[in-house]
Amino acid sequence: MADGRVRQLIDTVAWVRIEEGRILCARPRGKDVFYIPGGKREGGETDLQTLLREIEEELTVALLPETAAHVGTYEAVVHGPADGALVRMSCYTADYRGTLAASSEIEEVAWFSYADRPLVPPVDQLLFDDLVDAGLLR
């Protein structure tokens, strides 16, 4: 920031799952916004450890670690009351086994197209922009 204060950085990892030109998004209980599934790193977790844990907790599937591939890292001002905080989202694709289902912490899952971009926070919008530019998101 211009006044010299250091912004809080929220370090997250997200799973990019695209099927038929749509991306999987989830809305946590008590929230009014959808997010790319994933979450915050705990302790000394690696990106992959965070990704595997968060996706199993949120969507009840097991990602296959050997298929994980980094697709990009994005930073933007966080959505909500954390004034001035930045969120960094490291995004990965990966195959999975199991049946996608919302866990108790997820209210709703949805498959979004680019037209749904206003329903996700700023950092997710950056990913949407790259995916549509790459022809992966309709």
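Because the structure is predicted, anything quoted here is derived from the model rather than measured.
- In terms of modelled atom types and a separation under 3.5 Å, the side chain of D116 and the main chain of S113 share a donor-acceptor contact.
- Ion pairing between a basic and an acidic side chain is recognised when a charged N comes within 4.0 Å of a carboxylate O; E107 and K31 show no such pairing.
- L86 CG to I10 CD1: the interatomic distance, rounded to the nearest 0.5 Å, is 8.5 Å.
- In this structure, T60 contributes its side chain and E56 its backbone to no donor-acceptor pair below 3.5 Å.
- Put simply, the side chain of E58 gets close to the backbone of G38: a donor and an acceptor are under 3.5 Å apart.
- No more than 12 heavy atoms of other residues, nucleotides or ligands shown are found within 6.0 angstrom of CD on E20.
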Give every donor-acceptor pair under 3.5 Å between a side-chain atom in residues 87-101 and any protein atom, sequence neighbours left out.
residue : atom : partner : partner atom : Å
R88     : NE   : E75     : OE2          : 2.8
R88     : NH2  : E75     : OE2          : 3.1
Y92     : OH   : D47     : OD2          : 2.6

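- You'll find the side chain of I23 stays beyond 4.5 Å of the side chain of R17, heavy atoms only.
- Between Y35 and C25, the closest side-chain pair of non-hydrogen atoms is not below 4.5 Å.
- In terms of heavy-atom proximity, E19 sits nearest to W111 at CD-CH2, 3.6 Å.
- A distance-only check finds no donor-acceptor pair linking the side chain of R27 to the backbone of D32 [under 3.5 Å].
- A donor-acceptor contact shorter than 3.5 Å is absent between the side chain of E54 and the backbone of L51.
- When all heavy atoms are compared, the tightest approach of V33 to P28 is O-CD, 3.8 Å.
- Side-chain atoms of Q125 come within 3.5 Å of backbone atoms of V120 as a donor-acceptor pair (strictly under, hydrogens ignored).
- Side-chain contact annotation: Y74 with D124, donor-acceptor N/O pair under 3.5 Å absent.
- Taking CD of E105 as the start and CG of L59 as the end, the distance is 9.0 Å to the nearest 0.5 Å.
- Counting only heavy atoms from C-beta outward, the side chains of V123 and T12 never approach each other to under 4.5 Å.
- Using a 4.0 Å cut-off between charged side-chain N and carboxylate O, E42 and K40 make no salt bridge.
- A pairwise comparison of heavy atoms in V61 and I55 identifies CG2-CG2, 3.8 Å as the closest pair.
- With hydrophobic clusters built from ILVMFWY side chains whose heavy atoms lie under 4.5 angstrom apart, V132 shares a cluster with F34.
- Separation of atoms CZ (R138) and CD1 (I18) is listed at 11.5 Å; rounding is to 0.5 Å.
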